[in-house]
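Computed from heavy atoms alone, side chains included, the values below leave out hydrogens, waters and symmetry copies. In this chain, residues are counted from 1 in sequence order.
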Amino acid sequence: MSKRQAALCCYRVASLLATILVFSISLLLPGNAEAEGPPTRVGGVIISDTWWKASESPYIVTAPITVAQGIALTVEPGVEVRFNSKTYLQVEGTLHAQGTASRPIAFTSSAPIPTPGDWGYIRFRPSSQAADFDPWHRYLQGSTLQYATVEYAGAAGRGAIWVEDAAPYIDHSIIRRNGASGIYAETIRPLYITNNIIAENSSPTVGGGIYAQGPLTIVGNQVAANRAPVYSGLFIQGDAVNLRQNSIVRNEVISTSSDKGGSLYFQGDGDFSCNTVVSNTAGTWGGVTIDGRPTNFVGNSIYGNTAYQLYNLNPRSPSILNAINNYWGTTDPNSIARLIYDSQDDATKDTVNYGSPLAMPAPCAPPSPPAGLVAVSQLGTVALSWKADEGQNIVGYRVYYSPQPGFPYANAITLDKTTAYTITSSVPLTYYLAVTAYDARGAESWYSKEISATMTVIEPVAPPAPVTIVGQVERQGWGDHRDAVVSLEGTPYMATTTAKGLYTITNVAPGIYTASATTPGYLPQKRRNLEVITRSSTIILPTFKLMGGDANGDGAIDIFDLVLMAANFGTTVPPAPLGADANSDHVVNIYDLVLAATNLDRTTANLGD
C-alpha cells in the first residue's frame, strides 16, 4: 500500500469512527430501544371514540371507567383487561367487545391470585346503544359482548354484567367465578343472551347465574354450578320470554330454609321449551318453579333434581298448566305425579297436565351430563368408564383432564359412543377428569361430576443412549444466526446452525473435548474441558454469543479490522471479503463498523470449564 493510499485509508477510518460515535449514542437515546413496553393503564371518562388494541394489551384499569354517551369503546380480539380493586366499566355509550373463538377477549382481575369479587362490574346504562340485528337475527351494530370472558367481578353492583334498561348482545361468552349474579338485567327493551357458559357464580340474593326481567330471549346457554340463597340458576320474569335449549345443571341453593330453592324460576307467558334441567339441589323446590302459564311448555328434560321437579305457584283457576311431552325420568303417571307440585298437593294451586311424557330425554334439548364416571389407576394408566347417555341423538363423548381442577381443562379427547377410555402416561401425576356428551347437532352437555385419579409409574432403566449435544449460537447485531459452525475440535463431530441459531451434534463418543463456534466476521468462542459421559443422553451447552468485528479472522478485533472494513465500505459481499460484513447483511456498512468499534481490543473468548 502506498503512503497516499494509507493516508486516505486512515482519513476514512477517522471519519467513520466519528460517525460511529454519533450513531452509537443515538441508539442509546430514549425512544430508540426496542424493548417491550409496560401494560397500558386506563381509567376515568372516555370522551372520544377509543380502540383498545391487542398490541397494547394487557390493559390495567386503575380507576373506574365510564364510556360517555354517544362514544364508542372498541376492544379488539385477544385483548386482556385487568381490573384493580374497586374499579368497574360503565357504558353510557357503546361497548363493542367482539372477540373470536380463537382470540377471545378477557375482562378479569389484576390480583396475582384472583378470587370472586375482586372488582366491580360491566354496567350498561339506559343511554347505552342497543344491539341491532338483521331480519335473520345476525348482529349488525351496537353494544355487544361476544367471545369474551368476564370473571372474578361482583364486588359491587348487582351482577358481573349489569344491564339497566339497556339491550347489549351477550353471546358465546364465558361468565364465571363472579361474586354476584353472572348477568343481572332489568330492561324494557328486547335482550338477547345466547350460547354462553354462565358457571360458578355466587349471588348473595337471587339468581346465581342469571337474574333478568323484561322481554328476554335466552337460548343455548349452559347455566351450571351457580349458587344463591334462592333460585340458584335463573330467575326470569317477563311477558315475552323465550327460554329455549338451555342446559341448567348442578346449581345449588345455599339457603338454610328448607322450603325455598329451585334452580329456575319462570314467571310469564312465553316459550319454555327444549331445556335440560338436571342435578340441581335445593330445598323443596329443586327443579323448575313456574309462576305463570307459558304458551309452549314442551320438549324439556327435567329430572334428577332434589325434591319436586316442577313446582307450580299458579293459583287455582279454570285454566290448567299444560306441560305435556316432557321427560321426567319416568313414564309412570303415579311417579310423575309425585314429582310435580300442583292441585293434588295444595287445593289452592292450579293443575298441571303432564300427559304424554317422553320415554327418554327430549331430542331437542341439550344432552345431559354423563353419570357414573369412575377411574381405576394402574401402573402407567388411568382407566375411565361411565354410563351411556339415554338421549336419542347422542353420537359421542369427550373426555377432559388436567393437572388442575375445574374447567376449562387442559386436554380433551373426542370419542364415539364408547363409554370407556384409558389415559396412559409415563409421568406420575394427579389428574382431574370429567366427561361430556354431544349430539348430532354438535350440542354438548355440561361436564359430569369431576373426579381425580393419580397416575403411578415405575421409571424404566434405559440402556445407555448415544450422547447428543445441543445449543444455540447468537450473532451480535443480527437476527439471522444460520450457518455458524459448531464443532468439537480435532474430531469429525460438527453441525451448522439454523436461522434461530440452533444446532444438534449427535452420536458423540465419551471423552473430553473443546467445543468451538465460528462464523466469518466474528470472534470464535470456545468451551474447553467439555466432558461427555454415557450416562447423559443430552448435553445442553451454554449459548455461544459471538462478538462481531473480526474482519480479517485473526482472532482479535483491532485497527486492522476497521481498516479492512473502511476500504470496502459500501461494497456488497462478494466482491468484498466475507469477514468485512460483520453482521452478515451482505453489505459492508455502518452497522459492521459499529460492531467492530464496540468490541475493539476483544480476542477469542472461552466459556470456561
Side-chain angles (χ1 to χ4, degrees), residues 206-207 223 230-237 241-253 255 257-366 368-369 371 390-391:
V206 177
V223 184
V230 183
Y231 303 116
S232 52
L234 301 93
F235 183 93
I236 305 298
Q237 291 180 313
V241 175
N242 293 308
L243 196 70
R244 302 191 309 272
Q245 293 181 319
N246 300 283
S247 182
I248 303 162
V249 177
R250 214 173 297 121
N251 299 284
E252 180 184 2
V253 167
S255 172
S257 175
S258 62
D259 64 347
K260 299 291 182 183
S263 62
L264 188 154
Y265 175 88
F266 185 98
Q267 183 186 64
D269 59 1
D271 184 356
F272 184 86
S273 62
C274 298
N275 299 286
T276 294
V277 185
V278 300
S279 302
N280 299 282
T281 58
T284 309
W285 310 351
V288 177
T289 300
I290 296 292
D291 190 4
R293 291 178 175 83
T295 56
N296 195 28
F297 191 143
V298 296
N300 300 287
S301 297
I302 308 172
Y303 67 99
N305 307 288
T306 57
Y308 291 104
Q309 305 304 301
L310 174 61
Y311 200 96
N312 177 31
L313 287 180
N314 290 301
R316 189 172 184 82
S317 71
S319 302
I320 61 174
L321 174 62
N322 275 310
I324 62 173
N325 298 121
N326 295 286
Y327 177 68
W328 306 98
T330 178
T331 56
D332 176 58
N334 294 325
S335 298
I336 296 175
R338 288 191 291 270
L339 297 173
I340 295 175
Y341 186 91
D342 66 350
S343 58
Q344 297 184 53
D345 305 278
D346 183 346
T348 66
K349 300 301 180 185
D350 206 349
T351 299
V352 175
N353 175 16
Y354 48 82
S356 303
L358 300 177
M360 61 179 59
C364 67
S368 301
E390 298 178 346

Q: Kindly write out the residues that satisfy side-chain hydrogen bond (donor to acceptor under 3.5 Å, both in side chains) with Arg293, not counting sequence neighbours, or none if the list is empty.
A: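 Arg293 satisfies side-chain hydrogen bond (donor to acceptor under 3.5 Å, both in side chains) with Ser317, Asp350 once adjacent residues are dropped.
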Q: Below 4.5 Å, heavy atoms only, C-beta onward: do Tyr303 and Ser368 meet side chain to side chain?
A: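 Answer yes - side chains close enough.
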Q: Is there a side-chain hydrogen bond (donor to acceptor under 3.5 Å, both in side chains) between Thr289 and Tyr308? Walk through the geometry before answering.
A: CA-CA 9 Å; Thr289 300; Tyr308 291 104; over 6 Å; no
Q: Would you please classify the geometry between the Phe235 ring and the Tyr231 ring as parallel, tilted or perpendicular, with 30° and 60° separating the classes?
A: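 Tilted.
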Q: Would you mind listing every salt bridge (charged side-chain N to carboxylate O under 4.0 Å, His left out) that reaches into residues 310-322, with sequence neighbours excluded?
A: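 The answer is none; no pair qualifies.
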Q: For Thr351, give me all partners under side-chain hydrogen bond (donor to acceptor under 3.5 Å, both in side chains), at least two apart in sequence or on another chain.
A: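 Listed in chain order: Ser343.
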Q: Checking Gln245 now: which residues fulfil side-chain hydrogen bond (donor to acceptor under 3.5 Å, both in side chains) with it, not counting sequence neighbours?
A: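 side-chain hydrogen bond (donor to acceptor under 3.5 Å, both in side chains) list for Gln245, sorted by chain: empty.
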Q: For residues Thr281 and Glu252, report the shortest heavy-atom separation together with the two atoms involved.
A: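 Shortest heavy-atom separation between Thr281 and Glu252 comes out as OG1-CG, 3.4 Å.
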Q: Quick check: does any side chain N or O of Ser301 sit under 3.5 Å from a backbone N or O of Ala362, one acting as donor and the other as acceptor?
A: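 Such a contact is found between Ser301 side chain and Ala362 backbone.
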Q: I'd like to check the side-chain hydrogen bond (donor to acceptor under 3.5 Å, both in side chains) partners of Asp332; sequence neighbours left out, ordered by chain and number.
A: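 Asp332: side-chain hydrogen bond (donor to acceptor under 3.5 Å, both in side chains) contacts with Ser335.
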Q: For Tyr265 and Asp291: C-alpha separation, side-chain torsions, deciding distance, then whether side-chain hydrogen bond (donor to acceptor under 3.5 Å, both in side chains) applies.
A: CA-CA 8 Å; Tyr265 175 88; Asp291 190 4; 2.8 Å; yes
Q: With sequence neighbours left out, what residues match Ser273 under side-chain contact (heavy atoms from CB on, under 4.5 Å)?
A: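 For Ser273, the residues satisfying side-chain contact (heavy atoms from CB on, under 4.5 Å) (neighbours in sequence not counted) are Arg244, Asp271, Asn296, Val298.
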Q: Ignoring hydrogens and geometry, is there a side-chain-to-backbone donor-acceptor pair from Thr276 to Pro366 under 3.5 Å?
A: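 Between the backbone of Pro366 and the side chain of Thr276 there is a qualifying donor-acceptor contact (under 3.5 Å).
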Q: Does a side-chain heavy-atom distance below 4.5 Å link Tyr354 with Asn322?
A: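 Tyr354 vs Asn322: side chains apart.
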